[in-house]
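Any value given below was found using the heavy atoms of this structure, including those in side chains, with hydrogens, waters and symmetry copies removed. Quick note on labels: first sequence line is chain A, next is B, and so on, each numbered from 1.
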Amino acid sequence: MALRRPYLQPMKLLYFALFRARIGRGEEEIDPPAGIRTVGALVDWLAERGPGYRAALADPRLVKVAVNQEYVDRDHPVGPRDEVAFFPPVTGG
Amino acid sequence: MALRRPYLQPMKLLYFALFRARIGRGEEEIDPPAGIRTVGALVDWLAERGPGYRAALADPRLVKVAVNQEYVDRDHPVGPRDEVAFFPPVTGG
Amino acid sequence: MIRLQREDFDPGAEIAAMTAGRTDIGGLAAFVGLVREMAGERRIDAMTLEHYPGMTEKKLAEIEAEARRRWPLQASLVVHRYGRLEPGDRIVLVVTASAHREAALASCQFLIDWLKTEAPFWKLEEGPEGAGWVEARASDEDAKRRWR
Amino acid sequence: MIRLQREDFDPGAEIAAMTAGRTDIGGLAAFVGLVREMAGERRIDAMTLEHYPGMTEKKLAEIEAEARRRWPLQASLVVHRYGRLEPGDRIVLVVTASAHREAALASCQFLIDWLKTEAPFWKLEEGPEGAGWVEARASDEDAKRRWR
């Protein structure tokens, strides 16, 4: 029997507003390297994926992150099957 | 020719709410003695006119006075033809 | 605008009229005061609002003018009723509109706080144990003092 | 109650529904946010409100629950629209009702302040010079910080 790769439990990433525009998509499923265990590590890894990602995620003060629909800090853990959303500061109301 | 008495330019007094109930009327015209030149003197003089007046005007903190529809203090002047209103602290809204 | 009236008012109609056709209002704040059935432990069957005709209109106009000096308002409205009211009836309406929410919210609160301590109204409550004049609350004076 | 919807709402109908048949509400506070034609120097032709489906409802419900923990409220309502809006259109409605005016006014302000910084909405403005995402205002963070 073949080994199950972690790819089968991917992480779901969501991008909103300006980030969606810069990255060019609203969502994607990814399978980050095993070493990526925190929001901060994930942001740094994503920023290396291309200029759109880099532009969106460059300024940490302007990057809000929600894991499973809760606001979290850079040291919050992330793992397979998490829904991780990236967006600029909110402007509703 | 007869002397014109100050009575011909009386002061108009108004009483509201609890004061009207205690004094037994909502308004009256009076001709106070010549020495009554301030709100404070007028209040003290009125308080001697009977138990209803005394009950209404006994506690200075609970007596609000308006002269010609403006809130005033005890040392504000009063004179003939003024409209002087007495009432407890307001409770609208 | 200020209005002193015996009859009821419609908050929704007043809000709609204030914003109709306008594109310069970013925030609108409203306050409605109503007659409660219970005032602390006392039950209220009815309430009669007495006022000082002439001075009431004057003070309401002054209070509104003061709000408009303090905040950049696109529109403002104070409607206050007098006469006999029953539990559930509306007493007072304050509506303020501004380009920004902060001015609308602060001026609405200012208007109701000032009105409570400056406008010559008095409430006579009727309940099972008879009628009595409502006493002024120290907290209303405190609320006004915030705005000095 | 919270509602997230594309369609318009009627502030008057919501206020009337909240107070209908009740005699335990002494004060009701409402805030309506609207699209302005001018945002500072920029003219706005339209605005699109994007949000995070699922999280938006969750955060709005949390914000409302927090207000009800902090103040004794008889009723509360937050309605927020999303999608494309034009100048003069309503965006958001907050209504709170309490026995006392202080709780109604404070909780209404709290709800709109928190919503501005906590609820995942973003505004894309379209004007004569193209479209651009609205940037968050530091003053909104300051407004929220009052309530810590």
Residues 84-93 of chain B: residues contacting chain C (heavy atom under 4.5 Å, by number):
B/Ala85, B/Phe87, B/Pro88, B/Pro89, B/Val90, B/Thr91, B/Gly92, B/Gly93

Can you tell me which residue among B/Asp44, B/Val39, B/Leu46 is in a side-chain contact (heavy atoms from CB on, under 4.5 Å) with B/Leu42?
B/Leu46

By the definition salt bridge (charged side-chain N to carboxylate O under 4.0 Å, His left out), identify the one residue from C/Lys144, C/Arg146, C/Arg148 that meets it with C/Asp113.
C/Arg146

Within this structure, what is the CE-CD distance for the pair C/Met1 and C/Glu64, rounded to the nearest 0.5 Å?
8.5 Å

Heavy-atom count check: over 12 atoms from other residues, nucleotides or ligands less than 6.0 Å from C/Glu135 CD?
no

What part of C/Leu124 gets within 4.5 angstrom of chain B, counting heavy atoms only: side chain, backbone, both, or neither?
neither

Is any residue of residues 56-74 of chain B within less than 4.5 Å of chain C by heavy atoms, and which ones?
B/Ala66, B/Asn68, B/Gln69, B/Glu70, B/Tyr71

So, the part of C/Lys123 with a heavy atom under 4.5 Å from chain B: the answer is both

State, yes or no, whether a side-chain contact exists between C/Leu34 and C/Asp89 at a heavy-atom distance under 4.5 Å.
no

I'd like to know if the side chain of C/Gln74 and the backbone of C/Asp24 have a donor-acceptor N/O pair within less than 3.5 Å.
yes

Audit row: C/Arg70, C/Ser107, side chain to side chain donor-acceptor pair (under 3.5 Å) steps and yes/no
CA-CA 8 Å; C/Arg70 293 185 181 213; C/Ser107 60; over 6 Å; no

Would you check if C/Arg43 and C/Glu129 make a side-chain contact, meaning some heavy-atom pair closer than 4.5 Å?
no

Classify the angle between the aromatic ring planes of C/His80 and C/Phe121 as parallel (below 30°), tilted (30 to 60°) or perpendicular (above 60°).
parallel

Give a yes or no answer on whether the side chain of C/Arg81 reaches the backbone of C/Val92 with a donor-acceptor pair at less than 3.5 Å.
no

